[in-house]
Amino acid sequence: MASKPETTIYTSVHKHLPPLSQLHREKMANPYRGGTFDHWYDGTRDLWVEWKFIKLPKRPGTVIDLVTPRGKKMESPLSALQQQWGRDRWNNGRDVWVIVGCALGGVVYDQGDWHLPLTTSQFTARLLSRKEIAAKIAQHVLNS
């Protein structure tokens with residue numbers, strides 16, 4: 001069975017993280033409650049990350065919006081439950097990120113800024129390699 005794009009992005013980032021003995025990471029899965037972010041990372045401090053994957057639009061001015069529902073099913077990359085869960089954790093002083101991957105790498109939305117739309121050109125200007133994303137996670141979690 002082929003992996004989902006989100007799985008592919010986080011597994012390719014995880015390959016660059018320190019070993020579990022140094023940086024604990026745990027996949028969250030709860031069939032009884034929706035919205036919980038995908039992964040929990042723990043070291044000197046903890047971090048919750050929701051992983052998303054998009055096909056990067058070709059036009060530089062196309063808006064990438066993670067929270068506004070659109071399309072026939074009125075869906076957004078971040079579900080309403082995920083938005084609420086992340087907002088609640090952020091308001092409680094927790095570290096929560098949304099990392100959006102694409103074929104070229106990924107963008108880290110930290111400081112609760114996932115609600116801010118970016119154009120494709122702004123998104124690509126913030127692109128990090130998978131190795132850089134792993135380094136950013138490790139730096140955040142292991143250095144207080």
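Residue indices begin at 1 and follow the sequence shown. All values derive from a computational prediction rather than experimental measurement.
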Considering residues at least two apart in sequence or located in another chain, which fulfil the salt bridge (Lys or Arg N to Asp or Glu O under 4.0 Å) criterion with Arg94?
-> Asp46
Can you tell which of Leu66, Ile99, Val49 makes a side-chain contact (heavy atoms from CB on, under 4.5 Å) with Tyr109?
-> Leu66
Hey, does Trp85 have a side-chain heavy atom less than 4.5 Å from the side chain of Glu50?
-> no
Would Val100 and Val96 show up in the same hydrophobic cluster when neighbours are defined by side-chain heavy atoms closer than 4.5 Å?
-> yes
Any donor-acceptor pair under 3.5 Å linking the side chain of Thr119 with the backbone of Gly61?
-> no
Measure the shortest side-chain to side-chain distance between Pro117 and Thr68 over non-hydrogen atoms and say whether it is less than 4.5 angstrom.
-> no
Same hydrophobic cluster for Leu128 and Phe123, using side-chain heavy-atom links shorter than 4.5 Å among ILVMFWY?
-> no
Could you tell me which non-hydrogen atom of Gly43 sits nearest to which non-hydrogen atom of Val141, and how far apart they are?
-> N-CG1, 3.1 Å
List in chain and number order the residues that pass ring-ring contact (aromatic ring centres under 6.0 Å, His included) with Tyr41, two or more places apart in sequence or in another chain; answer none if no residue qualifies.
-> His14, His39
All side-chain contact (heavy atoms from CB on, under 4.5 Å) counterparts of Leu81, not counting sequence neighbours = Ser79
Can you tell me how far CD1 of Ile133 sits from CH2 of Trp51, rounded to the nearest 0.5 angstrom?
-> 5.5 Å
What residues, two or more places apart in sequence or in another chain, satisfy side chain to side chain donor-acceptor pair (under 3.5 Å) together with Ser12?
-> Arg130
Sequence neighbours excluded, the answer for ring-ring contact (aromatic ring centres under 6.0 Å, His included) partners of His24 is Trp40
Please report the shortest heavy-atom distance between Ile137 and Trp97, naming the atom on each side.
-> CG1-CZ3, 3.9 Å
Taking only residues at least two apart or on different chains, which pairs with a member in residues 7-31 satisfy salt bridge (Lys or Arg N to Asp or Glu O under 4.0 Å)?
-> Lys27-Asp38
Could I get the full list of side-chain contact (heavy atoms from CB on, under 4.5 Å) partners for Arg59, not counting sequence neighbours?
-> Thr62
List the atom of Leu78, the atom of Gln83, and the distance in Å for their closest heavy-atom pair.
-> O-NE2, 2.8 Å
Do Thr124 and Pro60 have side chains that get closer than 4.5 Å, going by heavy atoms?
-> no
Sequence-distant partners of Pro31, side-chain contact (heavy atoms from CB on, under 4.5 Å), two or more places apart | none
Drop me the distance from Ile54's CD1 to Ile9's CD1, to the nearest 0.5 angstrom.
-> 10.5 Å
Applying the 4.5 Å side-chain criterion to the ILVMFWY set and letting contacts propagate, would Met28 and Leu23 be lumped into a single cluster?
-> no
What is the minimum heavy-atom distance between Leu104 and Leu56, and which atoms define it?
-> CD1-CD2, 3.9 Å
Does the side chain of Phe53 reach to within under 4.5 Å of the side chain of Thr7, using non-hydrogen atoms?
-> no
Set of residues satisfying side-chain contact (heavy atoms from CB on, under 4.5 Å) with respect to Asn91, sequence neighbours excluded | Arg87
Tracing side-chain contacts under 4.5 Å among Ile, Leu, Val, Met, Phe, Trp and Tyr outward from Val63 reaches none
Only pairs at least two apart or in different chains count here, so list each salt bridge (Lys or Arg N to Asp or Glu O under 4.0 Å) that has a residue in residues 96-117.
-> Asp110-Lys136, Asp113-Arg126
Do the rings of Trp114 and Phe37 sit parallel, tilted or perpendicular, given the 30° and 60° boundaries?
-> perpendicular
Thr120 versus Ile64: any side-chain heavy-atom pair under 4.5 Å?
-> yes
Can you sort out the partners of Thr11 under side chain to side chain donor-acceptor pair (under 3.5 Å), two or more places apart, ordered by chain and number?
-> none
Can you hop from Val67 to Trp48 via hydrophobic side chains spaced under 4.5 Å?
-> yes
